[in-house]
Amino acid sequence: MATSRSELRNLVKGLAFLSPWMIGFAAFTAIPIGLSAYFSLCNYPLLQPPVFVGAQNYTDLVHDGVFWQSLWNTLYYALLALPLGMAIAIGAALLLNSKIRGLSIYRTLIFLPSLTPAVAGAMIWLWLFNSKLGLINLVLQKLGVAHPPGWLVSPRWAMPSLALMSFWGIGNTVVIYLAGLQDVPRELYEAAEIDGAGGLDRIWHVTLPCISPVIFFNLVMAVIGVVQNFTAPYIMTGGGPARATYFYTMYLYDNAFRYLRMGYASAMAWVQFLLVLALTGLAFWSARHWVHYQGR
Amino acid sequence: MTAIVGAGLAVVMFGPRGAVAPRGCVVVEYWDKFTGYEANQMRRIVNAFNRTVGRRRHIFVRYFSVSDIQQKVLISTASGVPPDVAGMWEADIIPYAALGALTPLGKYAKQYGITSKTYLPVYWRQCHYHGHLYALVCNPMALALLYNKQIFKRDATKLRAAGLNPNEPPRTISQLDRYARVLTKFGPHHQLVRVGFLPLIGSDASLLYLWFGGQAWNPRNSRFTLTSPAIIRTYRWIASYSRWLGPSRVLAFESALGQFDSPQDPFISGQLVMEMQGPWWADAIWHLKPSMSTLHWPKKAELKMPLAQRVKNYAWAYAPFPSAVPGLKDVTFAGFDSLVIPRGARHPRQAFAFIAYVNRQKVMEHLCMMHSTNSPLRKVSRNFLDHSPNPYIDVFEKLARSPNAHAWPRIPIIRQFNNEMTVAAERVALLQATPRQALAEAQRRLQREYDEYEADARLRRK
């Protein structure tokens, strides 16, 4: 009895210490998630109480052309930004893993842009992409390109421009890759060298398989990130020209706060969640074929 | 280190604070979207109220400059803690009023003698929804043609050769197109260096149909009329510029433009000769490039001169935007920043005392003079017309009083309307779709959204 009383006291103490987190989690995560699921089944203009309409919002989404366009835009951006971004980050990490003078300076330089607030970064890139005064077109013209692209105002170039801009913030990912690279056992390189492997062979057969869990982690995080892309296109293009850069999250935001259709926006948020879940599931499924954990 | 910490503490303890309300006063929270010099101008009005009416009636208005105001008022109203007064765009009045998010102001207005006789009809109508008054005006405008007189003068020979008068603005759309062609300049690689006019730079694409005699909404059968001949003609006109200049050339030009409302703005930097603008832009030019408004005399000296003399001091001028329909004169869109009392505001009576103060003729004229805008009131003083910092204020006064002064269609989905019309115009300008295709698509989407909105409203009423 005495033991159970002390156990109970400990339980109460434990819960008391945990309660700030639990209350915070309930108030700011669990309850809003539950409510958004309910609102997605309601007509809810935010300024009046929600009215239950069943799956109406979800069936409306299927017939909404802008929904499909924004979804396609987001996936197109993901196809451009994800693989290229990962390749550039791995490349940068490999370069920064070599023993050269001033290494810490280069590492800092690569990492610095990721500290820039997203809005400030977007403003800088607005100027860089300016076709008359921007640095990018200036360099292209010096290289002999007579008619460099209109970047953000061209329906063809606006999305690649945003993808290009996303590489600016790869510093975080590079640091994670660098940590992974430091963990690759030296003896594997030595063994590969004895077997006659060249530099590229060593990267392909030793480095990449060894850091594949890190690549996998970054892939999952990047998938979640690109599907939620909002700030840069919102500031730089506003979704234009002619909805060429109108992302899924922008349409969701417009529905929630400009068109006062919170129920519809909630349904979009749940579709987005399912999309991320499906893409992450796909990544996990494919991981069996290309992710190698040491010691297994 | 100690000194820095000490200085920091001193600033926290004794440093500047927000305006402190006198004891016993009801504090009215006022949120508005104005920032920078416009916020300072509004603060002057607030301070004047606090010193006079506020002191007598124990009301203290506290002004907050709020970014993204529509979203913040929405969330605060939905959560039941809205400000007492909110400065919103006229386009939000109907959507918010339709959802019962605004306090009806009719009974307060009556107490202060504010009636339809006080206001110009085009503004008064927009303050109402289903017969109830929900807002009053604080910063009105009407759209007109803004043109660069200096460039007209510089290219006078070319204009005359084309049979156009360099001392006059265009009076019809076909004249506007001819002026635009003469004033457009190409670079050595045939790139655009300067454009006379481009329909989608500076103008609100979703309103251009007004100058073609179009109406986008039929209230009798609650249907959009976007594929009506006048609106299709408007969009054909937009496409004609792309066909003339080539979409890629226009895109290249647009991508090189600086930001609107900055010293790099295309009109201010001389890359755009004519555009559709509101009167407030006169104030913006003054702040962004004062030399364009002081060609001969300093501002102070100029304000004492007669109007005919004053206009010589400016590199720019306003005129009514030309119409495409013969005989259709003084067409404009008249919009405004509104003052509303959100539902659930704690001090609606005191809040209205402030709104009514802003709407006194003298105060309104003072505010409009600071913003360089026209007045929304029927009565305007001679002093206002003669000494507004905007020497073309008479153009706007005339436009706002015109029977052809229009507003947004009276529908609760104005934001969607604006968005769909703009996207349709962009598609047409990029030659991605014909005017009929783009407008039919916009019509289909908007009609569906409106019908759904009405169905939801019916469901709610049940």
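No experiment lies behind these values; they were computed from the predicted model shown. A, B, ... follow the sequence lines: proteins, then strands. Residue 1 opens every chain.
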Give, as side chain, backbone, both or neither, the part of [X] having an atom under 4.5 angstrom from any heavy atom of chain B.
{"X": "A:R156", "result": "neither"}
{"X": "A:A244", "result": "neither"}
{"X": "A:M262", "result": "neither"}
{"X": "A:L47", "result": "both"}
{"X": "A:Y44", "result": "backbone"}

Main-chain N/O of [Y] paired to [X] side chain as donor or acceptor, under 3.5 Å:
{"X": "B:Q443", "Y": "B:F224", "value": "yes"}
{"X": "B:S206", "Y": "B:M421", "value": "no"}
{"X": "B:S203", "Y": "B:L200", "value": "no"}
{"X": "B:S79", "Y": "B:V81", "value": "no"}
{"X": "A:N57", "Y": "A:N43", "value": "no"}

Under the criterion side chain to side chain contact (heavy atoms under 4.5 Å, CB included), I'd like the reasoning laid out for B:E29 against B:R346: C-alpha separation, chi angles, the key distance, then a yes or no. CA-CA 9 Å; B:E29 261 188 46; B:R346 280 158 298 174; 3.8 Å; yes
Contacting region of [X] [heavy-atom separation from chain A under 4.5 Å]:
{"X": "B:A91", "answer": "neither"}
{"X": "B:D92", "answer": "neither"}
{"X": "B:E452", "answer": "side chain"}
{"X": "B:L459", "answer": "side chain"}
{"X": "B:I414", "answer": "neither"}
{"X": "B:Q70", "answer": "side chain"}
{"X": "B:I413", "answer": "neither"}

As an exercise, state the distance from [atom1] of [X] to [atom2] of [Y], rounded to the nearest 0.5 Å.
{"X": "A:M165", "Y": "A:L128", "atom1": "CE", "atom2": "CG", "value": "9.5 Å"}
{"X": "B:L288", "Y": "B:D265", "atom1": "CG", "atom2": "CG", "value": "7.5 Å"}
{"X": "B:F253", "Y": "B:L245", "atom1": "CZ", "atom2": "CG", "value": "9.5 Å"}

Only pairs of heavy atoms separated by less than 4.5 Å count here; which of A:W127, A:W151, A:F129, A:Y253 has the most with chain B?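 Heavy-atom pairs under 4.5 Å are most numerous for A:Y253.
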Could you tell me which of A:N130, A:L133, A:L126, A:V53 has the largest number of non-hydrogen atom pairs under 4.5 Å with chain B?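 Sorted descending by pairs with chain B, the first entry is A:N130.
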Can a donor-acceptor pair be found between the side chains of [X] and [Y] at a distance below 3.5 Å?
{"X": "A:Q56", "Y": "A:D60", "answer": "yes"}
{"X": "B:E90", "Y": "B:W408", "answer": "yes"}
{"X": "B:S67", "Y": "B:K72", "answer": "yes"}

Heavy atom to heavy atom, less than 4.5 Å: which residues from residues 64-85 of chain A reach chain B? A:D64, A:G65, A:V66
Contact residues of residues 21-40 of chain A (partner chain B; heavy-atom separation under 4.5 angstrom): none
Kindly assign one of parallel, tilted or perpendicular to the pair B:W244 and B:Y241, based on the angle between their ring planes and the thresholds 30° and 60°. perpendicular
Which label fits B:Y209 and B:F417: parallel for a plane angle under 30°, tilted from 30 to 60°, or perpendicular past 60°?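 Rings of B:Y209 and B:F417: perpendicular, as their planes differ by over 60°.
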Choice from B:E254, B:E441, B:R343 maximising heavy atom contacts with chain A below 4.5 Å: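 Option with the greatest count: B:R343.
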For the aromatic rings, using the six-membered ring if either is Trp, is the centroid distance between A:Y246 and A:Y251 under 6.0 Å?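 So the answer is yes for these two rings.
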Looking at the rings of B:Y96 and B:Y134, which for Trp means the six-membered one, are their centres under 6.0 Å apart? no
From the list B:V273, B:L272, B:T184, side chain to side chain contact (heavy atoms under 4.5 Å, CB included) with B:R194 holds only for B:V273
